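For reference, the structure discussed in these notes is given below.
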Amino acid sequence: MARAGLTADRVTLTGAELADEVGLEHVTMSAVARRLGVKDASLYAHVRGLEDLRGRIALLAADEKTTRIAEAIAGRAGKDALVAYANAWREYARDHPGRYAATQTPVQIDPELVARASGPRRAVELTYSMLRAYALDEPDLTDAVRLLRSTFHGFTSLEAAGGFAHSRPAEDSWVRGLDALHTLLTNWPPS
């Protein structure tokens, strides 16, 4: 019988909190069970195992990050939307490093959970909507989405790892990089 008060959502949130504290790679079923004050076996009534838990953390994080981005870009267009989107992405990665890592780590996720999750689908919709101001058509639109994801993820990952030890503040480079992205998107090269 499942312990009273223990649910898949509670196990997932506990795993996500632990990931932010110690890193996703250090989240284990045993560590989550200890945090919840239960035996490891109790968790298996709610999640199938570590892979399932990490997939659930990824979906939770995708939803949280997408909500933050949606709130940031609401009512904005063009460069203002691009900057708000990028800043919300970066802030989420800073505030929730373990959850953010879950969104970037390949993991098998239960297709039923994915079908019910709005975060990943909404993230795609928000990104394409934000890029509408740049009037890109396919395949350029897909290329632009990939460029943005690579840039935002690359910068935030390097920053989190302490990869910007240069005397110039990383913030200055971030702002200039966003200016450069806006210029590139506005003047996208022809195919």
Side-chain angles (χ1 to χ4, degrees), residues 9-10 12-27 35 53-107 109 114 117-134 141-186:
D9 288 344
R10 185 166 174 220
T12 301
L13 184 57
T14 300
E17 290 167 351
L18 192 59
D20 287 340
E21 293 170 22
V22 301
L24 182 66
E25 67 279 5
H26 298 294
V27 173
R35 174 72 58 100
L53 176 60
R54 288 185 176 174
R56 289 170 184 270
I57 293 169
L59 292 175
L60 169 70
D63 189 52
E64 291 174 342
K65 186 176 83 156
T66 300
T67 298
R68 188 177 288 197
I69 289 170
E71 290 170 356
I73 67 172
R76 299 174 188 265
K79 184 179 180 184
D80 288 341
L82 174 66
V83 169
Y85 184 107
N87 287 337
W89 178 302
R90 184 178 179 210
E91 288 165 11
Y92 187 83
R94 283 177 166 174
D95 293 347
H96 299 289
R99 295 176 211 212
Y100 177 76
T103 67
Q104 304 301 314
T105 303
V107 64
I109 303 175
V114 173
S118 64
R121 183 176 51 258
R122 194 166 173 226
V124 171
E125 292 166 358
L126 283 172
T127 306
Y128 279 79
S129 294
M130 182 268 298
L131 285 171
R132 248 188 236 124
Y134 295 103
L141 189 55
T142 295
D143 294 341
V145 169
R146 289 175 176 167
L147 173 67
L148 293 180
R149 181 175 181 214
S150 300
T151 302
F152 301 158
H153 175 65
F155 194 99
T156 57
S157 296
L158 287 168
E159 185 176 39
F164 297 135
H166 190 274
S167 61
R168 179 169 168 77
E171 183 63 27
D172 294 347
S173 298
W174 176 256
V175 169
R176 291 290 291 153
L178 295 179
D179 286 343
L181 283 174
H182 170 68
T183 299
L184 173 61
L185 291 168
T186 303

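Atom set for the values below is all heavy atoms of this structure, side chains included, hydrogens, waters and symmetry mates excluded. Worth saying up front: this structure is predicted, and the values here are computed from it rather than measured.
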Exercise for review: Identify whether the distance between the nearest side-chain nitrogen and carboxylate oxygen of Glu171 and Arg90 falls below 4.0 Å.
Suggested key: yes
Point to revise | Check: Tyr100 ring centre within less than 6.0 Å of His96 ring centre | key: no
Check your understanding: When you look at Tyr92 and Asn87, which way does the side-chain contact (heavy atoms from CB on, under 4.5 Å) test go after all the steps?
Key -> CA-CA 8 Å; Tyr92 187 83; Asn87 287 337; over 6 Å; no
Practice item. Step through the shown structure and confirm whether more than 12 heavy atoms of other residues, nucleotides or ligands are within 6.0 Å of CZ on Arg121. Key: yes
Practice item. Please lay out, stage by stage, how Leu178 and Phe155 fare under the test side-chain contact (heavy atoms from CB on, under 4.5 Å). Key: CA-CA 11 Å; Leu178 295 179; Phe155 194 99; over 6 Å; no
Check your understanding: Any side-chain heavy-atom pair from Lys65 and Arg122 closer than 4.5 angstrom?
Key -> no
**Study point:** Leu131 side chain near Leu148 side chain, heavy-atom distance below 4.5 Å
**Key:** yes
Could you pull out every donor-acceptor pair under 3.5 Å between side chains of residues 69-86 and any protein atom, sequence neighbours left out?
{"unit_1": "Arg76", "atom_1": "NE", "unit_2": "Ala72", "atom_2": "O", "d": "2.9"}
{"unit_1": "Lys79", "atom_1": "NZ", "unit_2": "Asp179", "atom_2": "OD1", "d": "2.6"}
{"unit_1": "Tyr85", "atom_1": "OH", "unit_2": "Thr127", "atom_2": "OG1", "d": "2.5"}

Revision key, fill the gap. Tightest non-hydrogen contact, residues Glu159 and Arg94, listed as OE2-NH2, 2.9 Å
Study note, to complete from the structure: Across all chains, not counting sequence neighbours, the side chain to side chain donor-acceptor pair (under 3.5 Å) partners of Arg132 are Ser129
Practice item. Keeping the roles fixed (side chain from Asp63, backbone from Ser118), state whether a donor-acceptor pair exists under 3.5 Å. Key: no
Practice item. Taking the side chain as every heavy atom from C-beta outward, state whether Glu64 and Leu60 have any pair of such atoms under 4.5 Å apart. Key: yes
Check your understanding: Heavy-atom distance under 4.5 Å between the side chains of Arg54 and Leu24, does that happen here?
Key -> yes
